[in-house]
Structures are given as C-alpha cells and as structure tokens.
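Heads up, the thing below is written out as structure tokens.
What you see below is based on every heavy atom in this structure, not just the backbone, and it leaves out hydrogens, waters and symmetry mates. Chain naming here is simple, since letters A, B, ... match the order of the sequence lines and numbering starts at 1 in each.
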Number of protein chains: 2
Amino acid sequence: MSLRHGLLGLLAEGPASGYDLARRFSEALGSVWPAQHPQIYSELARLESAGLIEVESTGPRRRKAYRITEEGLAEVRRWLAEVEVDHTFRMETLFRAYFFWLMEPEDLKAHLAKEQVFFAETAAALRGYAATKDRGDWGTSAQTRAMRIAIEAGIRINEALAGWAEWAQESDIMTSEDFGTAK
Amino acid sequence: MSLRHGLLGLLAEGPASGYDLARRFSEALGSVWPAQHPQIYSELARLESAGLIEVESTGPRRRKAYRITEEGLAEVRRWLAEVEVDHTFRMETLFRAYFFWLMEPEDLKAHLAKEQVFFAETAAALRGYAATKDRGDWGTSAQTRAMRIAIEAGIRINEALAGWAEWAQESDIMTSEDFGTAK
DNA sequence: TCTCAACATGTCTGTTCTTACATGTCATGG
DNA sequence: CCATGACATGTAAGAACAGACATGTTGAGA
C-alpha cells in the first residue's frame with residue numbers, strides 16, 4: 001500500500017520510467033522501503049489503469065516514462081495529510097536480540113561487534129551523503145531538503161544502533177555464565 | 001522466514017501454545033516483528049511436520065502446547081550463529097519523509113509534532129518496562145536479560161526518532177516557502 | 001441462569017513481496 | 001564484427017502476510 005503512494009510521490013517530482021524508479025529504490029529509498037523491479041512495474045500498471053499516472057513518452061529501448069496525473073497528485077497529498085502513519089516496523093536485528101540468550105557468549109560478542117561496525121559505517125556513509133546535500137551539491141529544492149530530513153533520520157537510527165551494540169557488548173547483562181544454555 | 005526461527009526461539013524457553021505465542025507477539029516482540037495468530041498457527045503446523053517442534057500436551061479448551069525438539073534447538077542456534085542478518089527494514093515513518101515537500105508547511109509541522117510525541121511516549125513506556133526488569137521483577141534469567149537488551153534498542157531507536165522529529169520541526173530546511181508546491 | 005470476556009484454534013481469501021525466468025536494445029571497446 | 005555491460009520491461013510461481021470469518025470452551029459475575 002505504501003509502495004503505491006511512494007511511486008506517486010516520486011513521480012510528483014517529474015516523469016520517470018520503471019527503471020528509473022527501481023534505481024531510486026535500490027538507493028537510499030530502499031533502506032526504508034525495499035522494492036524490487038517486478039513489484040514496481042506491476043504497481044505502475046495498476047496505477048495507470050486507475051488513472052493516477054499516464055504514459056508521458058516512449059523512448060529508445062522501449063523505455064516508457066510515466067507522468068503523474070492531477071488525480072494522482074491529489075491522492076498522494078491525501079495520503080500524506082489524512083492517512084494515519086503505520087508505526088509497525090520489521091527489524092531482524094532487533095528481533096534476534098530476544099534470542100541472544102541462546103548464543104554462545106563468544107559468538108554473541110563477535111556478532112555485536114560486527115553489528116556495531118555495520119551501523120557505524122552506515123551512519124558514516126549517510127553523514128557523508130548529507131554533507132554533500134548541505135554543501136548544496138544537489139541544489140536547494142524542496143525535494144532535496146525533504147530528502148535531507150529523511151537521511152538525518154537514517155543517520156540518527158544507525159548511530160543509535162551502533163551505540164546500542166557497543167552498550168550491549170559492555171553490559172554486564174550478557175556477561176553471565178548462563179548465556180548459551182538453553183533451558 | 002524469521003518468524004519460523006522466532007517461534008523456535010520462544011519455544012526454546014519452554015513449551016507454549018499458539019495462543020501463548022500469539023500473545024507474546026502482540027506485546028514487545030510484535031513491535032520489531034509483527035505476526036498475527038493465523039500466521040503463527042500455520043507456521044507451527046509446518047514446524048511440527050518438519051520435526052522441529054512436537055506436541056507436548058493437550059489441555060482444556062483444546063489447548064495444544066508445543067515443545068521444541070533437539071533438531072529445532074539446533075536449527076535456531078544455527079540461524080543465530082550462521083545466517084547473515086538481513087539489515088533491510090521497512091519503516092513508513094521514514095519513507096514518508098521523502099515526500100514531505102509535498103505537504104503544506106502547517107500540516108507537516110503538525111505531523112512532526114505528533115510523531116515526536118508518539119516516539120517520546122513509546123520510548124518512555126519502554127524505559128518503564130526496562131526499569132521493572134532492572135529492579136529484578138522478572139528474575140535474572142538469561143532470557144530476561146536478553147529481552148532487556150532488546151528493549152534497550154527499542155528505547156534508543158524511539159528516542160532517536162523523537163529527537164529527529166524535534167530537529168526537523170526546528171530545522172530551517174523545511175521552513176522555506178516552496179514546501180507544498182508540487183513541480 | 002445467563003451473559004460476557006478471555007481462552008483457544010483454526011480456515012479462507014486476497015494482497016504484497018520475492019525470486020527466478022525471459023527477452024530485447026543500444027553503446028563501447030577489443 | 002563481436003562480446004559485454006548497462007539499459008529496459010516484463011511474466012510466473014510461490015512464499016509471506018493481513019483481515020475477515022468461523023467455531024467452540026470455561027469461568028466469573030450479574
């Protein structure tokens with residue numbers, strides 16, 4: 001359901017092809033809402049038959065660019081303003097934490113160290129990306145600024161998780177003897 | 001795929017029925033990996049036919065409690081130790097941020113304020129929950145301590161997002177005139 | 001005695017999402 | 001001229017997931 005509106009939101013910036021949109025999802029966008037090309041193409045077909053988007057042009061290599069319609073723009077606006085945010089999220093990293101007690105202490109320590117590095121590196125990469133936006137490399141359009149806000153959230157979450165992984169390694173909560181001993 | 005291992009992990013703590021497991025998912029666990037009862041019951045049936053769990057007892061009200069088998073315990077351990085963590089996650093809150101530029105500035109401000117309250121309250125609730133664990137209300141078993149670690153992650157993420165929502169409201173990034181003006 | 005809430009387990013349908021398969025175009029460089 | 005890689009769009013099968021429907025049990029309190 002969110003993918004539908006996400007595609008409309010991206011097309012609100014200007015016409016794009018399925019391929020373009022899939023590329024956007026494989027970048028920053030995909031880290032908060034993964035989507036593969038088959039889903040994107042089929043969703044675009046559905047949006048077109050619903051009249052929310054229309055074919056703008058057909059280019060070389062049978063490229064088909066879509067443009068958002070008035071109704072589509074109204075629909076994405078309605079979504080943003082009226083539809084309640086779904087706060088549920090799925091995060092395997094945290095889910096696994098509930099089962100840490102089943103792991104051998106050394107494995108767990110190694111696991112957390114690896115996670116810490118991953119989150120710290122991801123945060124650093126996003127910080128670098130944000131810096132280019134702040135320097136104005138991408139202009140100062142409203143879209144760029146919205147993206148900057150989204151990236152800031154990514155930075156903060158990854159930093160929080162890096163801090164968590166570090167805290168967990170040092171915490172005396174997991175340094176006891178009965179970790180790794182099922183039942 | 002994670003649900004399968006999550007159920008095994010929960011059953012590693014001791015026998016439980018589908019109803020028990022569904023309740024656990026409706027609590028803290030569901031905030032990092034949502035699962036409804038139909039999915040849980042069908043997954044349990046699949047785990048049973050795979051020999052990873054077995055029926056331990058049948059009680060009143062046709063209650064059926066499952067117990068993890070040796071193979072099941074080995075499988076959840078293998079998952080924790082060997083299977084790469086999938087770091088992708090889905091978070092509508094952040095996804096929407098990419099489209100903030102389509103919102104009316106006043107709507108956006110109100111939206112962010114609401115989000116800030118939501119995350120701050122969630123963090124506070126989790127902090128309260130963590131405090132009861134720290135007081136020892138739930139014993140000091142390895143399971144309880146693992147859960148404490150998981151909750152800590154929830155606290156930090158929600159605090160990070162509350163801070164983000166506050167930052168975004170005050171940021172000059174979104175106080176410009178062209179927000180809400182598509183194209 | 002009756003009603004309600006909590007206990008308890010399932011099926012069914014439709015949607016979403018993933019993965020693998022399949023095809024064809026065009027530009028570049030060897 | 002040929003191979004390769006990036007461009008580009010799709011289908012098909014199946015897994016995962018959500019929501020509605022369906023049923024029956026037991027205990028507590030009005």
For Arg61(A) and His37(A), take the nucleotide of DNA chain D holding the closest heavy atom to each; which residue's nucleotide lies nearer the 5' end?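 Nearest-nucleotide comparison on DNA chain D picks Arg61(A).
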For Phe25(A) versus Trp33(A), what's the shortest heavy-atom pair and its separation?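 For Phe25(A) and Trp33(A), the tightest heavy-atom pair comes out as CD2-O, 3.2 Å.
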Answer yes if the side chains of Thr132(A) and Trp138(A) hold a donor-acceptor pair under 3.5 Å, and no otherwise.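 Yes, because at least one side-chain N or O of Thr132(A) sits under 3.5 Å from a partner of the opposite role on Trp138(A).
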Between His87(B) and Glu92(A), do the side chains contain a donor N or O and an acceptor N or O under 3.5 Å apart?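 Side chains of Glu92(A) and His87(B): no pair found under 3.5 Å.
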Could you tell me whether the phosphate oxygens of [N], OP1 or OP2, come under 4.0 Å of any side-chain nitrogen or oxygen in [X]?
X: Gln36(A); N: dT19(C); result: no
X: Arg90(B); N: dT18(C); result: yes
X: Tyr41(B); N: dT9(C); result: yes

Let me know the distance between [atom1] of [X] and [atom2] of [N], rounded to the nearest Å.
X: Phe25(A); N: dT16(C); atom1: CZ; atom2: P; value: 14 Å
X: Leu3(B); N: dA15(D); atom1: CG; atom2: C1'; value: 12 Å
X: Ile40(B); N: dG19(D); atom1: CD1; atom2: P; value: 14 Å
X: Arg23(A); N: dA8(D); atom1: CZ; atom2: C1'; value: 11 Å
X: Tyr19(B); N: dG24(D); atom1: OH; atom2: P; value: 18 Å
X: Leu21(B); N: dA8(C); atom1: CG; atom2: C1'; value: 13 Å
X: Asp86(A); N: dG19(D); atom1: CG; atom2: C1'; value: 14 Å
X: Arg46(B); N: dT11(C); atom1: CZ; atom2: P; value: 12 Å

Is Ser42(A) touching bases, backbone alone, or none of the nucleic acid, heavy atoms closer than 4.0 Å?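 Nothing, no heavy atom under 4.0 Å.
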Would you check if the side chain of Asp134(A) reaches a backbone N or O of Ala131(A) as a donor-acceptor pair within less than 3.5 Å?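 The answer is no, because no donor-acceptor pair under 3.5 Å joins these two groups.
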The side chain of Arg62(B) lies closest to which of these nucleotides: dT18(C), dA8(C), dC17(D)?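 Side chain of Arg62(B) sits closest to dA8(C).
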Of the nucleotides dA12(D), dC17(D), dA8(C), which one has an atom closest to the side chain of Gln39(B)?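 Of the options given, the side chain of Gln39(B) lies nearest dC17(D).
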Would you say that Phe119(A) contacts Thr93(A) through its side chain, given a criterion of any heavy-atom pair below 4.5 Å between the two side chains?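 The answer is yes; the side chains approach within 4.5 Å.
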5'-most contact on DNA chain C: Pro34(A) or Lys64(B), nearest heavy atom basis?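 Residue closer to the 5' terminus by nearest nucleotide: Lys64(B).
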Heavy-atom nearest nucleotide on DNA chain C for Tyr66(B) versus Arg4(A): which residue maps closer to 5'?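 Upstream on the strand: Tyr66(B).
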